[in-house]
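Before any comments, here is the structure.
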Amino acid sequence: MTVAMAASRSLRNLLMRRLTVPAHQDFSVSLRPMGSAAQEQASRAAPCEASGHSYESLLVTPAEKHILHVQLNRPDKRNAMNKAFWREMVECFNKIAQDSGCRAVVISGAGKMFSSGIDLMDMASDLLQPEGDDVARISWYLRDLISRYQETFSVIEKCPKPVIAAIHGNCIGAGVDLITACDIRYCTQDAVFQVKEVDVGLAADVGTLQRLPKIIGNQSLVNELAFTCRKMMADEALSSGLVSCLSRPLLSLRRSRMFPDKELMLDSALALAAEIASKSPVAVQSTKINLLYSRDHPVAEGLNYMATWNMSMLQTQDIVKSVQAMMEKKDAKSVTFSKL
């Protein structure tokens, strides 16, 4: 008991020393998430594209402070994924991963649906007329091609910033591959999900078969969806755990837990992103990295990795700032964290 009390006193004294923040570190008040009208006004005043993000198939805009909105931007082609898309998503999320000012991302689709999947007309030359003059060389080429396409969605998962998918209308084929690489998924009442690859003569090869079973935790359901290509409607996506259509900012929708239209869904997704962005970026990004590591490793390995990770991350001043705000009974959103 004496040893435990001494350890407790030592920990308390250490925390108090760390809470003695140098005078030059001030605590300024950050903006709270804006309402819909304010968001619309801000978006009109904001530049059309985020700095350094100019693409053919994507539109990246600053939604609020520390938040980027990535739109699949081929509405006339039902956001079908062409050759440019597979290249630009990697470029886009590699930049976002290195963007110290970005703390959360929302992905949505422009126009009437999220995505109709691969643009078969544009991709046909790569898939149906592969390079090479014998089986070995053709196979080598295709393996490299598939690996590069896999990276298009893996780069979302590797990005340390939380990524929220806001899905409306159809989310078909490669669209499902994309959203399963995201951290959180919201959808509208009219959302339809379909693992479509078997219907076009191939097995899904860029993420769905690997990630979907771990998301919904029902191998039988995953097998049924993948073998039959049947449509999964929004209510089944919610009940299975594919999406989490929680709507705290929209209390009138709480009972149904489903968004009636794209605008309300995006409002809620951006509000969620703003809430995440108000937290310590060290804490949030560390959490994402360790959640993914623990998903793919046994518990003991995950705990060991966590201990190694936090032996450095616990030294952050973000803890000092957060605890001081709690002790002073300040709103956690009043804390200003440094860029990461």
Side-chain angles (χ1 to χ4, degrees), residues 48-50 52-61 63 68-99 102 105-131 141-159 161 163-183 185 187 191-197 199-200 202-212 262 266 269:
C48 184
E49 294 179 343
H53 290 279
S54 181
Y55 307 108
E56 174 188 328
S57 65
L58 304 172
L59 176 61
V60 182
T61 55
L68 289 176
H69 183 191
V70 178
Q71 293 184 77
L72 311 188
N73 194 36
R74 302 184 73 215
D76 56 325
K77 299 292 185 180
R78 301 180 299 170
N79 293 322
M81 301 172 183
N82 62 352
K83 292 177 183 177
F85 168 86
W86 298 94
R87 178 184 69 254
E88 290 176 345
M89 279 288 283
V90 175
E91 179 184 349
C92 175
F93 273 89
N94 279 336
K95 287 181 178 179
I96 290 174
Q98 298 300 318
D99 184 349
C102 177
V105 182
V106 173
I107 296 182
S108 69
K112 296 181 178 180
M113 66 176 64
F114 184 78
S115 176
S116 59
I118 289 177
D119 187 334
L120 290 172
M121 296 299 293
D122 187 71
M123 305 289 291
S125 60
D126 281 347
L127 300 176
L128 303 180
Q129 297 176 324
E131 297 177 6
Y141 168 83
L142 284 174
R143 190 182 194 284
D144 178 69
L145 185 70
I146 294 166
S147 296
R148 284 188 280 119
Y149 289 167
Q150 289 173 344
E151 183 64 13
T152 297
F153 301 137
S154 292
V155 74
I156 299 173
E157 191 172 74
K158 293 175 185 177
C159 177
K161 321 302 169 71
V163 181
I164 303 164
I167 306 135
H168 75 291
N170 289 341
C171 179
I172 308 298
V176 178
D177 292 292
L178 190 163
I179 66 166
T180 55
C182 297
D183 301 296
R185 289 162 293 276
C187 77
V192 178
F193 304 86
Q194 193 172 14
V195 183
K196 186 70 172 171
E197 283 80 357
D199 271 353
V200 292
L202 57 97
D205 56 4
V206 289
T208 290
L209 302 186
Q210 291 69 40
R211 296 186 176 103
L212 189 57
K262 180 181 176 181
L266 274 175

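Throughout, residue positions are numbered sequentially from 1 according to the sequence presented.
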Heavy atoms from other residues, nucleotides or ligands near CZ of Arg78 exceed 12 (cutoff 6.0 Å):
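No, because the 6.0 Å sphere around CZ of Arg78 holds 12 heavy atoms or fewer from other groups.
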Please determine whether the number of non-hydrogen atoms from other residues, nucleotides or ligands lying under 6.0 Å from atom NZ of Lys112 exceeds 12.
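Counting other residues, nucleotides and ligands, NZ of Lys112 stays at 12 neighbours or fewer.
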Taking [Y]'s backbone N and O only, do any of them form a donor-acceptor pair with [X]'s side chain (distance below 3.5 Å, no angle check)?
X: Asp183; Y: Val163; answer: yes
X: Arg74; Y: Ala80; answer: yes
X: Asn73; Y: Leu59; answer: no
X: Ser115; Y: Asn79; answer: yes
X: Lys262; Y: Gly109; answer: yes
X: Glu88; Y: Tyr55; answer: no
X: Lys95; Y: Gly52; answer: yes

Spatial distance of atom [atom1] ([X]) from atom [atom2] ([Y]) [nearest 0.5 Å]:
X: His53; Y: Ile96; atom1: NE2; atom2: CD1; answer: 5.0 Å
X: Asp99; Y: Asn94; atom1: CG; atom2: CG; answer: 12.5 Å
X: Leu68; Y: Cys102; atom1: CG; atom2: SG; answer: 4.0 Å

For a quick check under 3.5 Å, do Lys77 and Ser116 share a side-chain donor-acceptor pair by atom type?
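Note: Lys77 and Ser116 side chains miss the donor-acceptor criterion.
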Polar contact flag, side-chain donor to acceptor under 3.5 angstrom, Ser108-His69
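Side-chain D/A pair, Ser108 to His69: present.
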Distance-only donor-acceptor hits, side chain of residues 172-182, under 3.5 Å, sequence neighbours excluded:
unit_1 : atom_1 : unit_2 : atom_2 : d
Asp177 : OD1    : Gly207 : N      : 3.3
Asp177 : OD1    : Thr208 : N      : 2.7
Asp177 : OD1    : Thr208 : OG1    : 2.7
Thr180 : OG1    : Val176 : O      : 3.1
Thr180 : OG1    : Asp177 : O      : 2.9

Can you name the side-chain hydrogen bond (donor to acceptor under 3.5 Å, both in side chains) partners of Gln194, sequence neighbours left out?
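In terms of side-chain hydrogen bond (donor to acceptor under 3.5 Å, both in side chains), with neighbours along the sequence ignored, Gln194 is linked to no residue.
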Can you name the nearest heavy-atom pair linking Thr152 to Trp86, along with the distance?
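Minimum heavy-atom contact is OG1-O, 2.8 Å.
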Looking at Ile167 and Arg185, what are the two nearest heavy atoms and their distance?
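Taking every non-hydrogen atom into account, CD1-CB, 4.1 Å.
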